[in-house]
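Just so you know, these numbers use all the heavy atoms, side chains as well, and skip hydrogens, waters and symmetry mates.
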Amino acid sequence: IRGHAAALVDGVVPEDDVPRPLSAIEGEAARLETLVADLLDLARLDAQRFDLDLAPVEPADVLDRAFDAMQAEALSREITFERGIDRLPATVTDESRVQRIVSNLLDNAIHWTPRGGTVRLEGHARPGGGFQASVTDTGPGIPSGEQERIFEPFQSRETPDGRRGSGLGLAISRQLARALGGDVRVESREGAGSTFVVEVPNRA
């Protein structure tokens, strides 16, 4: 951000090229904003000062919104993006937190899936109430020794497209799910893709 801004202030960017650094500044500012928000959320979760807004929600609608929000990203990466969401019972939970968890898992799967691969979102009812959502990808999979470590803050590896995230998305997703009384787990085999499952109980 500072480098692009300095170039603009110093007038070294040709007028025709100005949109490019401005676009870079906007994109990096948005990424920084997300990182700061994630750090604040993680701090609140660690301090157990995180409020939940519990209310009856329609889980299928929440999953559909998370899916629709990521569709353009999947398309731009030439990834087959699928969903199979059952009719799900109304569930008392925190709608925005659930959507954030699922969005994090979808974003993670899309960035770990090479071009031409597949990411699939499914939603199923849970025995005893609530529901579970699963996100399956055809990425490189996760070695068994790293499958718990990836849920620790700042654990980040380089994705197939050369991207390295903050290492906060999965950590926050698991802590949010546990704050809701559920959990996030991963089922994976190296070289055979991964499935992340979030369990969301009915908090009625």
Side-chain angles (χ1 to χ4, degrees), residues 19-21 23-35 37-38 59-88 98-125 131-174 176-177 183-200:
R20 185 179 57 82
S23 177
I25 288 171
E26 182 182 31
E28 290 303 303
R31 194 164 69 90
L32 186 60
E33 183 180 31
T34 299
L35 176 61
D38 284 347
D61 293 343
V62 179
L63 300 185
D64 280 335
R65 282 197 297 274
F67 182 91
D68 292 342
M70 301 302 300
Q71 204 157 18
E73 178 76 10
L75 182 64
S76 72
R77 293 174 176 271
E78 300 174 16
I79 290 170
T80 300
F81 204 40
E82 303 175 342
R83 61 182 145 188
I85 300 170
D86 296 343
R87 293 182 62 184
L88 303 173
V98 172
Q99 185 168 338
R100 183 170 181 191
I101 294 167
V102 177
S103 295
N104 280 349
L105 298 182
L106 288 171
D107 180 68
N108 186 66
I110 288 170
H111 284 94
W112 277 99
T113 300
R115 293 185 184 275
T118 300
V119 172
R120 180 174 177 82
L121 170 65
E122 294 189 359
H124 305 288
F131 66 98
Q132 72 171 31
S134 63
V135 176
T136 301
D137 64 61
T138 56
I142 306 165
S144 58
E146 296 182 21
Q147 290 180 16
E148 281 302 307
R149 196 178 309 142
I150 61 173
F151 291 104
E152 298 173 4
F154 307 111
Q155 293 297 319
S156 178
R157 296 184 298 155
E158 191 172 286
T159 62
D161 63 0
R163 174 180 178 267
R164 184 180 290 273
S166 65
L168 292 172
L170 290 177
I172 288 174
S173 294
R174 172 171 273 186
L176 282 175
D183 206 352
V184 175
R185 68 179 189 276
V186 63
E187 302 164 0
S188 183
R189 189 160 50 89
E190 196 168 5
S194 305
T195 297
F196 286 84
V197 181
V198 53
E199 303 278 353
V200 181

Distance from E33 atom CD to E28 atom CD, nearest 0.5 Å? 13.0 Å
Salt-bridged, D107 to R100, with N to O below 4.0 Å? no
Does this structure show an ion pair linking R83 with D64, if we count only N-O contacts that are shorter than 4.0 Å? yes
Only residue of T136, T138, D137 satisfying side-chain contact (heavy atoms from CB on, under 4.5 Å) with V119 is D137
d(R189 CZ, S144 OG) to nearest 0.5 Å is 11.5 Å
How close do P140 and W112 get, heavy atom to heavy atom, and via which atoms? CD-O, 3.2 Å
Contact summary for L63 and G123, nearest pair of heavy atoms: CD1-CA, 3.9 Å
Can you give me the closest heavy-atom contact between S173 and V184, atom names plus distance? O-CG2, 3.8 Å
Are the side chains of E82 and E122 in touch, meaning some heavy atoms are under 4.5 Å apart? no
Quick one: are F81 and L106 in side-chain contact, heavy atoms under 4.5 Å? yes
Any chance you could measure D68, atom CG, to S103, atom OG, to the nearest 0.5 Å? 10.5 Å
Crowding at CD, E26 (>12 non-hydrogen neighbours, <6.0 Å): no
Atom of L121, atom of A133 and distance for their closest heavy-atom approach: CD1-CB, 4.4 Å
Correct closest heavy-atom pair for I79 and T113 would be CD1-O, 3.6 Å
Less than 4.5 Å apart, any side-chain heavy atom of H111 and any of E73? yes
Would you indicate whether the side-chain heavy atoms of N104 and F196 approach each other to under 4.5 Å? no
Quick check: do T195 and V186 have side-chain heavy atoms less than 4.5 Å from each other? no
Nearest 0.5 Å please: distance from the CD atom of Q147 over to the OG atom of S188. 5.0 Å
Considering non-hydrogen atoms only, spot the tightest contact between A109 and V135 and give its length. CB-CG1, 3.6 Å
Is any side-chain heavy atom of E190 less than 4.5 Å from a side-chain heavy atom of I142? no
Decide, yes or no, whether a salt bridge links E148 with R174 under the criterion of side-chain N to carboxylate O below 4.0 Å. yes
Determine, step by step, whether V62 and F67 satisfy the side-chain contact (heavy atoms from CB on, under 4.5 Å) criterion, reporting the C-alpha distance in whole Å, the side-chain angles of both residues, the deciding distance to 0.1 Å, and the verdict. CA-CA 9 Å; V62 179; F67 182 91; over 6 Å; no
Would you check, one step at a time, whether the test side-chain contact (heavy atoms from CB on, under 4.5 Å) holds for L105 with L170? CA-CA 7 Å; L105 298 182; L170 290 177; 3.7 Å; yes
Would you mind reporting whether R65 and D61 have side-chain heavy atoms less than 4.5 Å apart? yes
Atom OG in S76, atom CZ in R115: separation rounded to 0.5 Å? 7.0 Å
Within-4.5 Å side-chain heavy-atom neighbours: I110 and M70: yes
To the nearest 0.5 Å, what is the distance between CD on Q132 and NE2 on H124? 6.5 Å
